[in-house]
Amino acid sequence: MKEIFVRLARCVGCRQCEISCALVHSESRDIHQAVWERPLPRQRVRVTREGSEYYPLRCFHCEDAPCIGACISGAMHLDEDVGTVACDTARCVRCWMCVMVCPYGSIRIHEGQKVALKCDRCPDEDEPACVRGCPTRALLVNERALVV
Amino acid sequence: MKHVIIGGSAAGMSCAETLRRLDPKCEITIISDEARPFYSRCLTSYYIAGKIGERDMLLRDPGFYEARRLDLIMGRKAVSVDPRKKAVVVDDGSEIPYDRLLLATGGRPKLPDIPGAGKRGVFTLRTWDDAVAISERAKTARKAVVVGGGLIGMKVAGALRDAGLEVRVVVASGRVLSQTLDDEAAAIARRLLEAHGFAVDTRCDVVEIEGDDEVRQVRLQDGRRVDADLVVIGKGVDPEVGLAKACGARVGRGIIVDEHLKTSVPDIHAAGDVAEAYDMAWGEPRVNAMWTAATSQGQVAAHNMAGIPTRYPGSVGMNSIDICGVPFISMGVVSPRRDRDGNDYVELARRRAGNWYRKVVLKDRVICGAVFAGVVDKAGVVLALIRARARRDDAPERILADDFTYATFMDVIDEKGRYFQEGGKRNVQRIMQGGY
């Protein structure tokens with residue numbers, strides 16, 4: 001099963017992953033048009049600086065995901081085919097239980113649509129947008145068995 | 001091995017599913033007194049509001065029970081447990097033997113002694129059937145009175161308002177959500193409610209429900225009479241401990257369980273809203289009636305029932321509620337009093353423009369509670385910090401300044417956090433070490 005990995009030492013905090021993520025989740029998928037979309041396309045990965053290091057934080061698609069156990073509507077679920085924690089936004093009732101329990105702070109409220117917003121690991125792309133957009137290859141995707 | 005589970009909601013179902021995963025061969029029987037397959041109890045208010053339909057209430061596909069060979073007995077009540085014979089007696093007279101038993105009997109709405117509470121149009125809200133009855137009534141009703149300003153009261157008040165009714169909330173204590181929020185956050189909630197057209201009476205109670213067969217008006221403590229054709233009583237929930245008591249299990253407020261969620265009676269476990277299990281924020285056993293605690297307790301109980309000794313790390317009482325479009329989250333110790341040893345808790349709070357409010361509660365310089373209003377993003381990081389019981393002296397300031405992420409507290413959360421099970425730990429290593 002493929003996963004996204006981070007080589008922290010390579011992250012320079014350019015936030016290109018954030019832009020790529022927001023763009024791939026926009027209507028137009030064109031950066032010049034996407035900036036005019038309302039609600040504004042949102043990124044699911046956020047680069048944060050702590051001390052001298054940058055951390056691109058996103059959903060880790062936990063094996064034992066607290067958000068799934070906390071979800072009262074069945075929106076948050078394990079997609080067994082691809083091994084991701086997926087949110088069926090049509091079923092999301094905006095209770096924010098997932099926001100309350102995610103230890104990584106990786107689920108946020110989409111200000112415009114008011115649904116739980118999280119990494120979907122780009123199911124329709126060959127390669128997740130954040131990985132594709134990372135100019136230093138700090139983000140990469142690989143089989144878990146090869147890395148951990 | 002034959003497992004019997006009494007209660008078919010969050011705790012019972014997560015136990016059943018986990019048992020099946022751990023042991024493909026065992027027998028699993030679930031006895032539920034509701035004539036419904038597994039649905040989300042927390043969605044009942046959304047159902048009343050008309051925001052979701054029948055299909056969305058159900059949390060599993062049809063055929064789920066068969067596919068996992070779960071024997072579901074619906075609409076039947078377990079009337080007694082014989083721990084010597086190791087059998088459960090059901091209300092149709094049948095006897096179901098067990099090797100391991102789970103009591104996941106949940107709770108029952110408190111019914112205060114209000115004269116007239118038996119009239120038509122007066123409800124409590126716990127089950128889907130309750131929700132169906134309330135929404136049926138709401139179709140013709142115009143004015144609703146909600147008795148109680150707790151979570152259920154607030155959720156049902158919001159739902160009835162969404163359904164087009166005029167809503168009055170009558171609260172005995174001095175603020176809404178008194179068990180969930182602190183004074184400041186509750187004041188924000190109240191302002192929002194009033195700005196959105198709810199009538200809110202605090203330090204007040206309904207002393208009589210008047211009308212012939214049907215409710216027509218309610219009489220308040222201060223003598224006022226207000227028209228009402230729908231009344232919902234939400235004065236809290238009592239753990240359903242009858243079965244446990246009768247079979248000799250130790251009972252406090254809920255069924256007392258050890259760290260493996262075993263009751264004092266051999267081979268009987270308890271989980272969910274009925275269990276009085278360890279609370280990590282208070283450092284003592286408490287009944288934390290929450291969906292998320294029920295799910296994880298069900299999983300832990302299943303491991304122990306299947307013979308895989310597993311410790312329950314404890315829960316943190318918490319809740320998330322949306323008031324008129326503004327999110328509120330509270331967790332752990334929210335409105336502290338002096339503890340048993342006479343030590344004080346420290347409360348640090350910050351208020352910003354709009355509905356932004358945040359508070360952290362510390363004991364011995366360790367965060368044991370928090371309140372968020374307006375912006376609740378990253379609340380889960382604070383929960384992880386509470387669960388880790390880790391001391392980080394910069395934590396309160398950074399949380400109040402909204403200048404933190406998971407990375408800020410990564411070291412203490414991971415080092416001391418018992419939150420993470422195997423999967424989580426690997427996730428952390430993955431980001432820390434960053435692959436090859």
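Below, each value reflects all heavy atoms present in this structure, side chains not excepted, and no hydrogens, waters or symmetry copies. A, B, ... follow the sequence lines: proteins, then strands. Residue 1 opens every chain.
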Portion of [X] that has a non-hydrogen atom of chain B nearer than 4.5 angstrom:
X        : answer
Arg91(A) : side chain
Ser73(A) : both
Cys71(A) : backbone

Would you say that Ile72(A) contacts Arg41(B) through its side chain, given a criterion of any heavy-atom pair below 4.5 Å between the two side chains? no
Ignoring hydrogens and angles, tell me if any N or O in the side chain of Asp377(B) forms a donor-acceptor pair with the backbone of Val99(A) under 3.5 Å. no
Quick check against the 3.5 Å criterion: does Ser320(B) have a side-chain atom that pairs as donor or acceptor with the backbone of Cys95(A)? yes
Engaged part of [X] at the chain A interface, taking heavy atoms whose separation is under 4.5 Å:
X         : value
Met290(B) : neither
Leu58(B)  : backbone
Ser296(B) : neither

Could you tell me which of Leu385(B), Ile52(B), Asp56(B) has the largest number of non-hydrogen atom pairs under 4.5 Å with chain A? Asp56(B)
Provide the closest heavy-atom pair for [X] versus [Y] in the form atom of the first, atom of the second, distance.
X         : Y         : result
Ile109(A) : Pro327(B) : CD1-CG, 4.1 Å
Asp322(B) : Trp96(A)  : OD2-NE1, 4.2 Å
Trp291(B) : Gly69(A)  : CD1-O, 3.4 Å

Identify which of Lys114(A), Arg94(A), Glu53(A), Met97(A) forms the greatest number of heavy-atom pairs closer than 4.5 Å to chain B. Met97(A)
What residue in Met100(A), His77(A), Arg46(A), Arg108(A) has the most heavy-atom pairs under 4.5 Å with chain B? Met100(A)
Over 12 foreign heavy atoms within 6.0 Å of CG, Asp126(A): no
So, taking the atom named OG1 in Thr48(A) and the one named OH in Tyr406(B), what distance separates them when rounded to the nearest 0.5 Å? 12.0 Å
Distance col, row Ile68(A):CD1 vs Thr292(B):OG1, nearest 0.5 angstrom, shows 12.0 Å
Could you check Tyr104(A) against Lys378(B) for side-chain contact (heavy atoms from CB on, under 4.5 Å), going step by step and ending with a plain yes or no? CA-CA 7 Å; Tyr104(A) 307 108; Lys378(B) 298 178 287 180; over 6 Å; no
